[in-house]
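Just below is one structure, and these are the notes that go with it.
The analysis underlying the following values was restricted to heavy atoms, covering all of them including side chains, and did not include hydrogens, waters or symmetry mates.
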Amino acid sequence: MIETALIIPAFVAGLLTFLAPCTLPMVPAYLGFITGASAQDVLADTSGRLRWRIFFNGLAFVLGFSAIFILFGVFAGYLGHLIPGYRLWLTRIGGAFVILFGLFMLDLLRVPALSREYRPNIKMPFARGSYLNAFGLGAAFGTGWTPCVGPILGSILTLAAASSTAGSGALLLGVFSFGLSIPFLLVALALGSAEKTIARMTPYLGIVSRGSGILLIVLGAFLITDSMGLFIGYAYQALSFIHYDALLNYL
């Protein structure tokens with residue numbers, strides 16, 4: 001099924017979202033905000049307890065935004081299910097939006113709605129540093145629809161709607177969230193040294209953003225021409241070294 005074949009692309013989309021210029025440099029700040037600790041605190045902690053506290057707070061944070069993204073996927077898939085007779089046109093319209101997202105990431109198009117961050121003004125009832133507080137902040141992050149998350153997330157939601165089932169939508173957005181979460185948790189586990197690595201990577205993140213924009217434009221073209229079969233075929237060829245088709249047999 002098409003949603004199964006798109007599992008690895010959805011995972012890669014999550015990784016690209018993490019590497020976006022306005023996501024990766026902010027990760028240490030997010031971790032510091034939800035835990036009240038800094039990289040200097042981690043380096044000064046010899047017991048290792050603070051490092052694990054940051055990791056588990058980070059885990060609660062990613063569970064929060066993952067829950068929101070999966071709900072988005074369920075809604076998108078269910079919406080596609082409601083209008084099965086218009087699936088082709090829904091896919092084509094979605095493809096046009098994906099191309100617009102790609103142009104936005106290449107800075108060739110200005111979309112004010114994607115340039116603003118919608119941050120819910122929610123006062124958390126739990127103490128700062130608690131897991132419930134971190135979960136709530138993660139959910140707020142997922143709802144905020146930041147300029148970096150929006151274009152790639154919107155493209156995955158388009159594929160979820162084209163899949164025409166709520167389960168498929170949940171699967172794609174769950175995999176997308178997994179791809180975004182794994183590097184986030186790795187940074188949380190190694191905050192002190194990771195902060196220096198992120199600083200060295202920051203000047204090159206624009207290249208990742210432009211590459212993501214080009215990939216979105218290509219994906220949009222496949223959607224508009226109803227040629228996703230070709231896209232899947234190219235994906236099989238490009239990922240033959242990891243035996244992609246064999247991996248799908250276990251899903």
Side-chain angles (χ1 to χ4, degrees), residues 1-23 68-70 72-84 86-116 118 142 144-166 168-177 179-180 206-236 238-239:
M1 297 175 64
I2 186 172
E3 65 271 11
T4 304
L6 289 172
I7 283 178
I8 289 183
F11 179 79
V12 173
L15 292 177
L16 292 175
T17 300
F18 178 82
L19 293 172
C22 53
T23 301
I68 295 299
F69 290 160
I70 291 172
F72 285 164
V74 170
F75 177 77
Y78 183 69
L79 180 64
H81 173 71
L82 291 178
I83 48 177
Y86 299 93
R87 177 184 172 278
L88 177 59
W89 285 106
L90 178 67
T91 302
R92 286 175 173 170
I93 293 172
F97 277 106
V98 171
I99 290 176
L100 292 178
F101 291 150
L103 293 173
F104 173 79
M105 295 192 72
L106 290 172
D107 286 329
L108 298 177
L109 181 68
R110 298 293 179 183
V111 183
L114 288 177
S115 299
R116 292 193 296 268
Y118 304 96
W145 197 269
T146 66
C148 282
V149 175
I152 297 180
L153 176 60
S155 302
I156 298 298
L157 287 173
T158 298
L159 295 176
S163 69
S164 300
T165 68
S168 299
L171 174 64
L172 286 179
L173 269 296
V175 173
F176 169 82
S177 300
L180 177 57
I207 298 174
V208 176
S209 181
R210 288 190 290 273
S212 301
I214 293 172
L215 287 175
L216 289 183
I217 291 173
V218 172
L219 176 59
F222 280 118
L223 289 170
I224 288 177
T225 58
D226 194 30
S227 304
M228 283 301 295
L230 288 175
F231 176 82
I232 300 303
Y234 292 143
Y236 279 145
L239 299 172

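- In terms of the ring pair (Phe, Tyr, Trp, His ring centres under 6.0 Å) criterion, F18 has no residue partners (sequence neighbours excluded).
- A distance of 10.0 Å separates CZ of F11 from CG of L180, quoted to the nearest 0.5 Å.
- I156 and A13 make their closest contact through CD1-CB, 3.8 Å (heavy atoms, listed as atom of the first residue, atom of the second, distance).
- Atoms CG and CG, from L157 and L173 in turn, are 5.0 Å apart once rounded to the nearest 0.5 Å.
- For A170 against V74, the heavy-atom pair with the smallest separation is CB-CG2, 3.6 Å.
- Considering all non-hydrogen atoms of both residues, G142 and I68 come closest at C-CG2, 3.8 Å.
- Annotation: side chain of T17 is in contact with side chain of F176 (closest heavy-atom distance under 4.5 Å).
- Residues that satisfy the side chain to side chain contact (heavy atoms under 4.5 Å, CB included) test with L16, not counting sequence neighbours, are V12, I152, V208, S212, L215.
- Checked against side chain to side chain contact (heavy atoms under 4.5 Å, CB included), L106 has the following partners two or more places apart in sequence or in another chain: L108, R210, I214, I217.
- Counting all heavy atoms, side chain and backbone alike, A10 lies closest to L172 at CB-O, 3.8 Å.
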